[in-house]
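Below: the structure, in C-alpha cells.
Quick caveat, the model's predicted, so the values are computed rather than measured. All chains are named by letter (A, B, ...) in the order of the sequence lines, taking the proteins before the strands, and each is independently numbered beginning at 1.
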Number of protein chains: 2
Amino acid sequence: MDPVEIKLITALEDRGLRKTAARSLVTSRIENANDAFTAEQLCRDLPEVGRATVYRTIRHLVDSGALCKLPILDGAPMYSVARVEHHHHTICSKCGAVGEFRHSTVERVMRSLEKEIDGDIVGHRMEIFITCNQCLAKSDTGANSAV
Amino acid sequence: MDPVEIKLITALEDRGLRKTAARSLVTSRIENANDAFTAEQLCRDLPEVGRATVYRTIRHLVDSGALCKLPILDGAPMYSVARVEHHHHTICSKCGAVGEFRHSTVERVMRSLEKEIDGDIVGHRMEIFITCNQCLAKSDTGANSAV
DNA sequence: TCAGTAGTTGATATCAAGTATCAATTACTG
DNA sequence: CAGTAATTGATACTTGATATCAACTACTGA
C-alpha cells in the first residue's frame with residue numbers, strides 16, 4: 001500500500017478510468033522506479049504492455065497532475081511522480097538525475113515580474129541544472145574530471 | 001545592415017565556418033522572421049535550402065549562442081534570436097508568441113537556492129507562461145473568451 | 001449469473017522531427 | 001587557377017509518438 005501507488009491509481013480512477021491489469025503494471029512500475037524516466041524506458045521495462053497503452057497511461061497521469069512531464073533539450077521528455085504540489089526540478093547535466101524542490105522565493109519573484117511582463121501570467125516553469133553530489137564524488141576520484 | 005543579421009553571420013564566421021549562399025538564406029530568413037520559429041517552419045519557408053543544411057545551420061547558431069533553443073511540451077523546440085545575453089522567456093499559451101526578459105531578481109534567487117540544493121548549480125532555465133496582450137484584446141471582443 | 005455495452009488493449013501502420021551518408025559541388029588558399 | 005577541404009542536399013534511416021481498429025475486458029443492471 002505504497003502511498004505513491006495509491007495516488008497514481010486514484011488519479012486514474014478519479015478521471016473515470018477503469019482499473020485494468022495493464023494500467024496496474026504501468027503505475028506500479030513507475031512507483032518502483034522512484035526516479036525520472038522516459039516513455040521508451042517504461043516500454044522497455046514492460047514488454048508485456050503495448051507501447052500505445054504505456055503512452056496513453058502516461059498521458060492520463062500527466063493530465064491528472066500525478067506525473068510531471070519535463071521537456072529535455074535533445075531528447076525525449078522525462079516524467080517524474082509529482083510528490084510536491086507545485087515545484088521545480090533539478091537536472092544533473094552529467095547523469096540526468098532529476099530532483100524536485102520548492103522554494104517560496106521563486107514564487108515571490110513571480111509577483112515582482114508581473115509589472116515587467118506584457119500580458120497575464122498564467123504559469124511558470126523553472127529548471128536548475130546541477131552537477132549532483134554523486135557525480136561530484138565521481139569526478140573527485142579523478143574518474144572523469146574534465147569539464 | 002541589420003544588426004541582428006550581422007550578428008548571425010558573425011556568429012558563424014567566428015566558428016570558422018564559411019559564408020555560403022545557403023547559410024545567408026537561412027540567417028536572413030531568421031532575421032526577417034523576428035519571432036520564434038521551429039526548424040520545420042524554416043524548412044518550409046526555404047524550400048530552396050536542404051533540410052539537412054537548415055538543421056545544421058540552426059545547430060551552429062545555437063552552439064554559438066546566437067540563437068536560443070527552447071523546449072516546448074508537445075512539439076518541436078522553438079528557436080529565437082538571443083537579443084539579451086542571459087535571459088528567460090515568456091510564452092503565450094494561446095498563440096505561442098515568445099518574448100524575452102531579464103530580471104535581476106531571478107538571478108538573485110539562484111544564490112539563495114544554493115543552500116537548498118544538493119550539488120553544484122551549473123545553470124538554470126525559466127519560462128513564464130502568459131496570455132499576451134494581443135490574445136487578451138482578442139478575448140475582450142468576445143471572439144474566444146472560453147478558457 | 002450473465003448478457004450487453006462501453007471502455008480498453010495492442011499489433012500494425014503511420015507520422016513527425018531529426019540525423020547519417022555520401023557523391024557532387026563550392027569556397028577558400030596559395 | 002588548380003588543389004583541397006568544407007559544404008550541400010537528396011535519400012535513407014532512426015526515434016518518439018500517435019492513429020486505426022478488431023479483439024478483448026471491466027463494469028452495469030436485470
- Gap between atoms CZ and P, on B:Arg18 and C:dA27 respectively (whole Å): 9 Å
- Please state how far atom NE2 in B:His60 lies from atom P in D:dT7, giving the value in whole angstrom units. 6 Å
- Message: Strictly below 4.0 Å: does B:Tyr55 bring a side-chain N or O up to OP1 or OP2 of C:dT19?
- Response: no
- Message: Are more than 12 heavy atoms, taken from residues, nucleotides or ligands other than B:Gln134, located less than 6.0 Å from that residue's CD atom?
- Response: no
- Starting at atom CG of B:Leu12, determine the distance to atom P of C:dC28, rounded to an integer number of angstrom. 12 Å
- State which of C:dG10, C:dA20, C:dG18 makes the closest approach to the side chain of A:Val49. C:dG10
- Separation of A:Asp63 atom CG from D:dT18 atom P, in whole Å? 11 Å
- Item | Nearest-neighbour nucleotide for the A:Arg59 side chain, D:dG9, D:dT18, D:dG16 considered | D:dT18
- B:Lys19 NZ - C:dT29 P separation (whole Å): 14 Å
- Query: B:Ala22 near the nucleic acid: base, sugar-phosphate alone, or nothing, with a heavy-atom cut-off under 4.0 Å?
  - Reply: sugar-phosphate
- Task: Flag the pair A:His86 / A:Glu107 as yes when at least one side-chain heavy-atom distance between them is below 4.5 Å, and no otherwise.
- Result: yes
- Looking only at N and O atoms, is any donor in the side chain of B:Arg56 or the base of D:dG9 less than 3.5 Å from an acceptor on the other one? yes
- In this structure, are over 12 heavy atoms from other groups packed under 6.0 Å from B:Glu85 atom CD? no
- Which is true for A:Gln41 with a 4.0 Å heavy-atom rule: it touches a base, it touches only sugar-phosphate, or it touches nothing? nothing
- Query: Between D:dT8 atom P and B:Ile58 atom CD1, what is the distance in whole Å?
  - Reply: 13 Å
- B:Glu127 and B:Arg125 ion-paired at < 4.0 Å: yes
- Task: May I have the distance from A:Arg15 (atom CZ) to C:dA6 (atom C1'), rounded to whole angstrom?
- Result: 18 Å
- Is any side-chain N or O of A:Thr20 closer than 4.0 Å to OP1 or OP2 of D:dA26? no
- Item | Closest-nucleotide 5' rank along DNA chain C - winner of A:Thr57 and B:Tyr79 | A:Thr57
- Task: Check whether the side chain of A:Arg51 and the base of C:dG10 form a donor-acceptor pair under 3.5 Å.
- Result: no
- To the nearest angstrom, the CD1-C1' distance between B:Ile9 and C:dA27 comes to 15 Å
- Message: Can you tell me which nucleotide in C:dG18, D:dG16, D:dT8 comes closest to the side chain of B:Arg23?
- Response: D:dT8
- Query: Do A:Ile128 and A:Phe101 have side chains that get closer than 4.5 Å, going by heavy atoms?
  - Reply: yes
- Query: If you find the nucleotide of DNA chain C closest to B:Gly75 and the one closest to B:Leu17, which residue's nucleotide is nearer the 5' end?
  - Reply: B:Gly75
- Query: Which part of the nucleic acid does A:Ala21 contact within heavy-atom distance under 4.0 Å: base, sugar-phosphate only, or nothing?
  - Reply: nothing
